[in-house]
Amino acid sequence: MQLRNTRNGYGVVARSLHWWMAALMIGLIGLGLYMTAQPDGDPKWALYDLHKSLGVVVFGLLLMRVIWRRTSPPPPLPASMAGFEALAAHAGHLLLYAAMLMLPVTGYLDSAFGGYHISVFGLFEIPMLLEKNEPLFELTVQAHRWIGYGLGFLVLAHAGAALKHHFIKKDDVLLRMLKDRPD
Ligand code: HEM
Ligand code: HEM
């Protein structure tokens, strides 16, 4: 098992973080949409608690991922990609990272401004450092919602691009995220 990234592909640490976080992010969009459509009461609030707990896990994994990325930089994009394609790929990745950061941040803010708590799987509580504030609650709920929807479109484009690389351009971009590829 190759732990670190090489010049030809992602190592097992970056790959595990990518796929676990991808599953969590897609799951959280689905859970977010499902739970908000439920009638108030049980099980809606339990689903909110689950959504928030998993969101806190995403935040923790993101911190580890950013530190690891600095320790072991990603492989360069294939030289066959045109300048604008490479630019679009980098911009897309940056937006995905921004969404992975801003969803937990706006999720925290909307809970705090709404006067709600965040209990992580019932094990411990995240300190709520802000006072209840109705206008800011409305604003951060909207921000969270629209960033969540934006992420949905971004993920479709991102996964579509990965499949295009694999099946149409037939390069190794998808394989780099799937298995060891030594230098
Ligand atoms: C569901 C299907 C998905 C597929 C097929 C997929 C595929 C890939 C592939 C092949 C790469 C490597 C690109 C390269 O070599 O430069 C990659 C990178 C990346 N993916 Fe995904 N991905 C998926 C979902 C997601 C999701 C849901 C997220 C986040 C919400 C995400 C975030 C990222 C980021 C941030 C990178 C850049 C990693 C880096 O270089 O730091 N991906 N993905
Ligand atoms: C990290 C990834 C996350 C994703 C992808 C995500 C996604 C979503 C989505 C799609 C919705 C539904 C929006 C709507 O249609 O109204 C939602 C709602 C919500 N999320 Fe998240 N979320 C994440 C993290 C968090 C975190 C960390 C928290 C809090 C700690 C949180 C708290 C909430 C709350 C309270 C709602 C309900 C808002 C309302 O009443 O409309 N989320 N989320």
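Order of appearance sets the numbers: ligands from 1, and atoms from 1 within every ligand. What you see below is based on every heavy atom in this structure, not just the backbone, and it leaves out hydrogens, waters and symmetry mates.
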Give the atom numbers and elements of ligand 2 that come within less than 4.0 Å of a heavy atom of Val141. 39 (C), 41 (O)
Would you check if the side chain of Ser72 reaches a backbone N or O of Arg69 as a donor-acceptor pair within less than 3.5 Å? no
If every non-hydrogen atom of Ala14 is compared with every non-hydrogen atom of Trp68, which pair is closest and at what distance? N-NE1, 3.9 Å
NE2 (His51) to atom 21 (Fe) of ligand 2 to NE2 (His144), nearest 10°, is 180°
Could you tell me, atom by atom, which parts of ligand 2 come under 4.0 Å of a heavy atom of Met35? 18 (C), 19 (C), 20 (N), 36 (C), 37 (C)
What atoms of ligand 2 come closer than 4.0 angstrom to any heavy atom of Gly32? 9 (C), 11 (C), 12 (C), 17 (C)
Sequence neighbours left out, what passes side-chain contact (heavy atoms from CB on, under 4.5 Å) with His166? Give chain and number order. Leu174, Leu175
For Pro104, atoms of ligand 2 separated by under 4.0 Å from a heavy atom: 1 (C), 27 (C)
Which ligand 2 atoms does Leu33 reach within 4.0 Å, using its non-hydrogen atoms? 12 (C), 15 (O)
Do Leu129 and Ile118 sit in the same hydrophobic cluster, where Ile, Leu, Val, Met, Phe, Trp and Tyr count as joined when their side-chain heavy atoms come under 4.5 Å apart? yes
Pair listing, ring pair (Phe, Tyr, Trp, His ring centres under 6.0 Å) test, anchored in residues 20-56, at least two apart: Trp45-Tyr48
I'd like to check whether Ser111 has a polar contact with ligand 2, where a contact means an N/O of the residue lying under 3.5 Å from an N/O of the ligand. no
Apart from Leu156 itself, what residues make up its hydrophobic cluster when side-chain heavy atoms of I, L, V, M, F, W and Y under 4.5 Å apart count as a link, directly or indirectly? none
Under 4.0 Å from one or more heavy atoms of Thr36, ligand 2 contributes atoms 14 (C), 15 (O), 16 (O), 37 (C), 39 (C), 41 (O)
Using a 4.5 Å cut-off on heavy atoms from C-beta on, say whether the side chain of Leu77 contacts that of Arg176. yes
Can Leu63 be reached from Met102 by stepping across I, L, V, M, F, W or Y side chains whose heavy atoms are under 4.5 Å apart? yes
Would Met128 and Phe59 show up in the same hydrophobic cluster when neighbours are defined by side-chain heavy atoms closer than 4.5 Å? yes
Counting heavy atoms only, which part of Tyr48 comes closer than 4.0 Å to ligand 2: side chain, backbone, both or neither? side chain
Find all atoms of ligand 2 within a distance of less than 4.0 Å from any non-hydrogen atom belonging to Asp110, and give their numbers and elements. 35 (C)
Between His93 and His158, how do the two ring planes meet: parallel, tilted or perpendicular, split at 30° and 60°? perpendicular
Looking only at distance, does Tyr149 have an N or O less than 3.5 Å from an N or O of ligand 2? yes
Please indicate whether any nitrogen or oxygen in Lys52 is less than 3.5 Å from any nitrogen or oxygen in ligand 2. no
Enumerate the pairs of nitrogen or oxygen atoms, one from ligand 1 and one from the protein, separated by less than 3.5 angstrom; state names and distance to 0.1 Å.
from	atom 1	to	atom 2	distance (Å)
ligand 1	15 (O)	Arg176	NE	2.9
ligand 1	15 (O)	Arg176	NH2	2.6
ligand 1	16 (O)	Tyr10	OH	3.4
ligand 1	16 (O)	Arg176	NH2	3.2
ligand 1	20 (N)	His18	NE2	2.8
ligand 1	20 (N)	His158	NE2	2.8
ligand 1	22 (N)	His18	NE2	2.9
ligand 1	22 (N)	His158	NE2	2.8
ligand 1	40 (O)	Tyr10	OH	2.7
ligand 1	41 (O)	Arg69	NE	2.5
ligand 1	41 (O)	Arg69	NH2	3.3
ligand 1	41 (O)	Tyr97	OH	2.5
ligand 1	42 (N)	His18	NE2	2.9
ligand 1	42 (N)	His158	NE2	2.9
ligand 1	43 (N)	His18	NE2	2.8
ligand 1	43 (N)	His158	NE2	2.7

For the residue pair Pro104 and Gly55, what are the closest heavy atoms and their distance? CG-O, 4.1 Å
Tell me if a side-chain donor or acceptor on Asp110 pairs with a main-chain N or O of Phe137 at a distance below 3.5 Å. no
